[in-house]
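Following: one structure in structure tokens, then a few remarks.
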2 protein chains.
Amino acid sequence: MPGMIRNTRQRDAIRRAFEDAGRPLAPEQVLAAAQRSVRGLGIATVYRNIRALLEEGWLTPVELPGLPTRYELAGKAHHHHFQCRGCGHVFELEGCAITTHHALPRGFEITGHEVVLYGFCPECSSSKSKQAL
Amino acid sequence: MPGMIRNTRQRDAIRRAFEDAGRPLAPEQVLAAAQRSVRGLGIATVYRNIRALLEEGWLTPVELPGLPTRYELAGKAHHHHFQCRGCGHVFELEGCAITTHHALPRGFEITGHEVVLYGFCPECSSSKSKQAL
DNA sequence: ATCGTTGCAAACTCTTTGCAGGATT
DNA sequence: AATCCTGCAAAGAGTTTGCAACGAT
């Protein structure tokens, strides 16, 4: 059976990193998480496996303004994201409350949209007073 | 008079690039535009001047998912952006029609948002049938 | 004549690729 | 055993910085 994908400790650890996180992760975050199971794991392997998991349809890219691309489990319903200004973590939000009617100049045709909300996650919200942002 | 900012052909050309474009520009686009007035202009100079114009408050960054940061004239009212899937250009949209109430999990505090619309600009919309996208 | 500014090249960061050794089937 | 996968190091893209020469004041 040629061309078959093999299961390696590295790939398992990378998959588990996404499953356990439950939120979009950037390559460096995946590395940090997966290195807890597989010491010596290289960043190149993380990038290669992310790419493989994208092609396989197991991951989708989450691109946020000004941030390195993150990735999350694929197959979810249309949704958007939230970034905490405290810890920087990105969370998934359910649903979509955009009314697609901006003041759109004539001749423009809309095919899609992206929404990102910013603020503080529960954890940072409660500890905000103690921090110097 | 120490610490005074000087006017150079390069800086003028870079400022003019933004004024003439009327839409957010990425460093490479600024370089291309400004080189029409100043041949030999280097990309480092573009980056340095963009940074200076940011600190001066003349420019604001426009960060879009998955794209190099663009910059536009500062001081405009709250607005969002549109990227054309045909030519890739980014346009400014007036107004903001987001209802800030997504299905937000408990404990999250919203302080801001970003909206990007995608589609086709008038030019690309009319020539779409001729292209193989 | 100062000293801010420029262009070039080197440094950096993030991501991708080449290659020899190692691991899975 | 075959060959996919990994780690390391080198190579690319985009951005920043060091430095000597240039040029605005």
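Quick note on labels: first sequence line is chain A, next is B, and so on, each numbered from 1. Bear in mind that the values here come from a model prediction, so they are computed numbers and not experimental data.
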- [ ] Measure the distance from CD1 on Ile5(A) to C1' on dC5(D) and round it to the nearest whole Å.
- [x] 12 Å

Task: Under the side chain to side chain donor-acceptor pair (under 3.5 Å) test, residues paired with Arg23(B) that sit two or more places apart - done: His89(B)

TODO: For Glu72(B), enumerate each residue passing the side chain to side chain donor-acceptor pair (under 3.5 Å) test, keeping only those at least two apart in sequence or located in another chain.
DONE: His79(B), His81(B)

Open item on the list: Determine whether the aromatic ring centres of residues His78(B) and His113(B) are separated by less than 6.0 angstrom.
Closed with: yes

Open item on the list: For DNA chain C, which residues of residues 48-62 of chain A approach it to below 4.0 angstrom with any heavy atom?
Closed with: Arg48(A), Arg51(A)

Open item on the list: Mind checking if Ile43(A) touches a base, just sugar-phosphate, or nothing, with heavy atoms under 4.0 Å?
Closed with: nothing

TODO: Go through the structure and list residues passing side-chain contact (heavy atoms from CB on, under 4.5 Å) with Ala44(A), not counting sequence neighbours.
DONE: Arg48(A)

Distances under 3.5 Å between protein N/O atoms and the N/O atoms of nucleotides 1-3 of chain D, please, pair by pair.
| from | atom 1 | to | atom 2 | distance (Å) |
| --- | --- | --- | --- | --- |
| dT3(D) | O2 | Arg6(A) | NH1 | 2.8 |
| dT3(D) | O2 | Arg6(A) | NH2 | 2.9 |

Task: Distance, rounded to the nearest Å, where Met4(A) contributes CE and dA23(C) contributes P - done: 19 Å

TODO: Could you check how far CZ of Arg9(A) sits from P of dT6(D), rounded to whole Å?
DONE: 10 Å

- [ ] Could you list who else is in Tyr118(A)'s hydrophobic cluster, with ILVMFWY side chains joined at under 4.5 Å, directly or through other members?
- [x] Val62(A), Leu64(A), Leu67(A), Val90(A), Val116(A)

Task: Under the side chain to side chain donor-acceptor pair (under 3.5 Å) test, residues paired with Asn7(A) that sit two or more places apart - done: Arg15(A)

Task: Distance-only polar pair, side chains of Thr45(B) and Gln10(B), donor-acceptor under 3.5 Å - done: no

- [ ] Starting from C1' on dG7(D), measure out to CD1 on Ile14(A) and report it in whole angstrom.
- [x] 12 Å

Task: Which residues share a side-chain contact (heavy atoms from CB on, under 4.5 Å) with Ala13(B), sequence neighbours left out - done: Arg16(B), Ala34(B), Ser37(B), Val38(B)

Task: Thr45(A), nearest nucleotide to its side chain (from dT5(C), dT17(D), dT6(D)) - done: dT6(D)

Open item on the list: Can you list everything that forms a ring-ring contact (aromatic ring centres under 6.0 Å, His included) with Phe91(A)? Sequence neighbours excluded, please.
Closed with: Phe108(B)

Strictly under 3.5 Å: I want the nitrogen or oxygen pairs between protein and nucleotides 10-14 of chain C, one per line.
none

TODO: Examine dC5(D): is either OP1 or OP2 under 4.0 Å from a nitrogen or oxygen in the side chain of Thr8(A)? Give yes or no.
DONE: no

- [ ] Quickly work out the Leu31(A) CG to dG7(D) P distance and round it to whole Å.
- [x] 10 Å

Open item on the list: What is the separation between atom CZ on Arg39(A) and atom P on dT6(D), rounded to the nearest whole Å?
Closed with: 17 Å

- [ ] By nearest nucleotide on DNA chain C, pick out whichever of Asn7(B) and Ala44(B) is the more 5' one.
- [x] Asn7(B)

TODO: Not counting sequence neighbours, which residues clear salt bridge (charged side-chain N to carboxylate O under 4.0 Å, His left out) with Glu92(B)? List them please.
DONE: Lys76(B)

- [ ] Give the intermediate values and the outcome of side-chain contact (heavy atoms from CB on, under 4.5 Å) for residues Leu41(A) and Arg9(A).
- [x] CA-CA 10 Å; Leu41(A) 175 64; Arg9(A) 296 177 306 130; over 6 Å; no

Task: Distance below 4.0 Å between Gln10(B) side-chain N/O and dG23(D) OP1 or OP2 - done: no

Open item on the list: For Arg70(B) and Gln29(B): C-alpha separation, side-chain torsions, deciding distance, then whether side-chain contact (heavy atoms from CB on, under 4.5 Å) applies.
Closed with: CA-CA 9 Å; Arg70(B) 285 148 199 256; Gln29(B) 300 175 314; 3.4 Å; yes

Task: Between dT25(C) (C1') and Asp12(A) (CG): distance, integer Å - done: 14 Å

